[in-house]
Amino acid sequence: MTRHDEQDLGEFDYVIVGAGSAGCVLANRLSADPDQRVALIEAGGKDTYPWIHVPIGYLYTMNNPRTDWCFRTEPVPGLNGRALAYPRGKVLGGCSSINGMIYMRGQARDYDHWRQLGNVGWGWDDVLPYFRRSEDFFAGPDEAHGAGGEWRVEQMRVQWDILDAFREAAAEVGIPKVDDFNRGDNEGCGYFHVNQRRGVRWTTAKGFLRPALGRPNLTVLTEAQATAIRFEGRRAAGVALRRGGQPAFVTARREVILAAGAVASPQLLQLSGVGPGALLQRFAIPVIHALAGVGENLQDHLQLRLIFKVSGVKTVNELANSLIGKVAMGLQYALFRSGPLTMAPSQLGAFTRSDPSRETPNLEYHVQPLSLDRFGEPLHPFPAFTASVCNLRPESRGHVRIRSTDPAAAPEIQPNYLSTPGDRRVAADAIRLTRRICAAPALARYRAQEHLPGPHLQSDEDLARAAGDIGTTIFHPVGTARMGNDDMSVVDARLRVHGLEGLRVVDASVMPTITSGNTNAPVIMIAEKAADMIREDRRA
C-alpha cells in the first residue's frame, strides 16, 4: 500500500537497506548482473568527512551525529547501573567508516559451531573461500589468504617499545608469539592486521561501493531513512522511507534485503510488524508475522580496560599532551602516512584461555600505548598503557526492542553484560591473568603499576564488581535476527526470514553466536556468501 503524498522512487529487483559493511558488498555483487536493478538506501550521508579517512579519526567519528547514530544502552545491572554509548555507523561504509579497522575472522571453531547448530553451509571450510574472495592481503595469496580483492589488509605502520614489551611478557607467561591471527586458530600474541591502504582507512564504501557507482543499474540513496517494509500479503514488496523530510517509497520486484546491522535491522522488522507479537501489540502495530526472536539474542564483547602506569618508556600520552608532540605526529602523517595518526584504536592483540579447561582461546586482548578515562576525553598526564581484555564467548544475552512507533526514535538496547555467574568468573580470571602478564620480567623493567581497577581488589566478588566499573563495549553487537531452525531463530541458513517471502537479513544480526574476535570481517564474508545465495535462488 502507498499513500498519494509519497514520492515514488522507482522499481528495483533488489532493495538493500543500509550501506554499511554488508550493504556495500551486496550492492557491488548484485549490481554486477547488468539486467538486475539494485537500490541501496542509507540513512546517513556521504563519506566526505575528513576524519573518516585518517585512522586516528575514530576519536572524532564515534559519538558524532554526522557519522554515528549515537545510541545508548539502558542502564546495565552487571555494569553497576551504568549506561554506555553504543556507536553504530551512520554514513556510507557504516561501521567500517568509524570502527577500529582490525581485520579478524575469528576461529574455525566458531563457524563449525554454526554448522553444528543446523546451519548447513556455514562451517569453516564453507566460509573460508568467501573471506579469501574479497581479500587483498599485503603478503599475497596462500591457502588462507586472497589477493587482488576489494578488501585491503595491511600491517601496522607504527611501532612502540611498550607494546613489544607486552608481547614479550605474554610469551613469558605462556602466550606464544604469532604473526597472523587469521588462519583458523588465533591463539597467541601479535600485531593486528588492519583495513588500511598506505596509512589511510579503507572502508567498504571505498572498496566495494565506489567501483560500482558508475553502473546504470545501481541507485544509491543517501540521507534516506527506511521507515517500514511494505508487504503484499506475506511478501516484502518494497520499503517506505523519508528523504529530505518527505515520505517516499521504493518497490522491490524480487527481494528486500536488510543490511542495517544488529540494532537497526531488528528495529525495522519490529516497526514493520515482524517480531514478538506482544511487543508489537503494545504499540498497536499490525502483526504481519509473529517472530519471537526478532531483537532477542543480543551478544556483544565487553572489554575490561585495565590501565598500568609505566616509566622509562614512551607512550602516546606524553606526545598527545605536548604541543611539539602533536605537531610532530601531524607532520609525520602528512609527509609519510605513518606514525601515531595511522594507529587503529588497538595495535597489539592476544588470544588465550581464561583457564586451561577451555578448548580454544576465549579471551582477546587489545593493547594500546595510551590511557584515558573514556573515549573522547583527554589522555592521562602520566605515561601508561591500556590492556583491554574481553570474553570472546559471553553467556549473557540481551535485546533490542522498539520503544515507540517513531522510526527516528532510538530503540531500547539492553546488552545484559555480566548477567551470568560464568561471565563474572571469566571476568575475574581475565583480570588476574592480565596482572600476571604485567608482572612478567619484560614489563617489570618499566615498573608497570596497576592504575585501574586497582591492586587492592583480589576476591572473585571484588573483581567481578570492578569489571562492572571498568567494562565497556568493544562495538561488536550481533545475533538479534539469528540464523537457525528453532522457534527463536529469525532467518534460515539462506538468510531468508522465516514465514515470509522476498525478505532477507544480511548483517551481523544473523550470527547465531558471536565470533571469537572482531566482527567486521565476518560481516563482509556473510554478505559475500549471501550474494551468491541470492543469485542462486533467482536462477532456481
Side-chain angles (χ1 to χ4, degrees), residues 1-20 22-24 26-46 90-92 94 205 209 212-261 264-265 267-274 280 284-289 402 404-409 496-497 500-507 530-531 534-535 537-538:
M1 297 291 291
T2 60
R3 301 199 312 259
H4 70 277
D5 60 337
E6 290 180 322
Q7 181 184 5
D8 183 348
L9 297 178
E11 186 175 64
F12 301 86
D13 293 285
Y14 299 102
V15 176
I16 304 165
V17 179
C24 288
L26 290 166
N28 180 302
R29 300 303 190 226
L30 296 179
S31 68
D33 297 325
D35 60 337
Q36 300 298 305
R37 296 193 68 212
V38 178
L40 179 64
I41 301 171
E42 169 56 43
K46 296 181 179 179
K90 186 184 180 184
V91 64
L92 288 179
L209 186 58
L213 287 177
R215 297 172 183 167
N217 60 325
L218 175 62
T219 298
V220 179
L221 303 174
T222 55
E223 299 181 358
Q225 183 169 2
T227 57
I229 303 161
R230 291 281 172 80
F231 288 92
E232 292 178 354
R234 301 182 77 78
R235 187 183 78 84
V239 175
L241 53 92
R242 292 193 69 83
R243 193 176 191 220
Q246 300 301 313
F249 70 95
V250 290
T251 300
R253 285 191 290 261
R254 295 188 182 276
E255 294 190 24
V256 172
I257 306 166
L258 301 190
S265 284
Q267 179 188 19
L268 186 60
L269 285 168
Q270 292 168 6
L271 289 169
S272 306
V274 180
L280 305 185
I285 296 173
V287 179
I288 300 294
H289 185 49
I402 55 172
S404 85
T405 57
D406 180 3
R496 300 170 298 200
V497 176
L500 297 172
E501 298 176 7
L503 182 61
R504 294 191 208 229
V505 183
V506 181
D507 55 34
I534 291 166
R535 287 193 294 260
D537 289 350
R538 182 177 78 234

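The analysis underlying the following values was restricted to heavy atoms, covering all of them including side chains, and did not include hydrogens, waters or symmetry mates.
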Would you say N28's side chain and A212's backbone share a donor-acceptor pair under 3.5 angstrom? no
Would you indicate whether the side-chain heavy atoms of D537 and R496 approach each other to under 4.5 Å? yes
L9 and side chain to side chain contact (heavy atoms under 4.5 Å, CB included): which single residue from V250, I41, T251 fits? V250
Keeping the roles fixed (side chain from E42, backbone from G44), state whether a donor-acceptor pair exists under 3.5 Å. yes
Got Q267 and I402 here, is their nearest side-chain heavy-atom distance under 4.5 Å? yes
Is it true that the side chains of D507 and S265 contain a donor and an acceptor less than 3.5 Å apart? yes
Does any non-hydrogen side-chain atom of Y14 lie less than 4.5 Å from one of V256? no
Has the side chain of E501 got a donor or acceptor atom that lies under 3.5 Å from a matching backbone atom of A236? no
Please check if the side chain of N217 supplies one atom and the backbone of Q36 the other of a donor-acceptor pair under 3.5 Å. yes
Would you call R37-E11 a salt bridge at under 4.0 Å N-O? no
What do the steps show when you test F249 against V239 for side-chain contact (heavy atoms from CB on, under 4.5 Å), and what is the final call? CA-CA 6 Å; F249 70 95; V239 175; over 6 Å; no
Test item: side-chain donor near acceptor, T227 and R242, under 3.5 Å: no
With heavy-atom distances below 4.5 Å as the criterion, would you say the side chains of V17 and L268 are in contact? yes
Is the closest side-chain heavy-atom distance between I16 and V38 below 4.5 Å? yes
Evaluate the side-chain proximity of I285 to Q270: yes if any heavy-atom separation is below 4.5 Å, no if none is. no
Salt-bridge contact R243-E223 (side-chain N to carboxylate O under 4.0 Å): no
When you look at L26 and I534, which way does the side-chain contact (heavy atoms from CB on, under 4.5 Å) test go after all the steps? CA-CA 10 Å; L26 290 166; I534 291 166; 4.3 Å; yes
Does the side chain of I257 come within less than 4.5 Å of L30's, by heavy atoms? yes
Would you mind checking if R538 and D33 are paired as a salt bridge, meaning a charged N to carboxylate O distance below 4.0 Å? yes
For the side chain of S272 and the backbone of I229, is there at least one donor-acceptor N/O pair under 3.5 Å apart? yes
Reference residue R234; test side chain to side chain contact (heavy atoms under 4.5 Å, CB included); the match among L503, I288, L500: L500
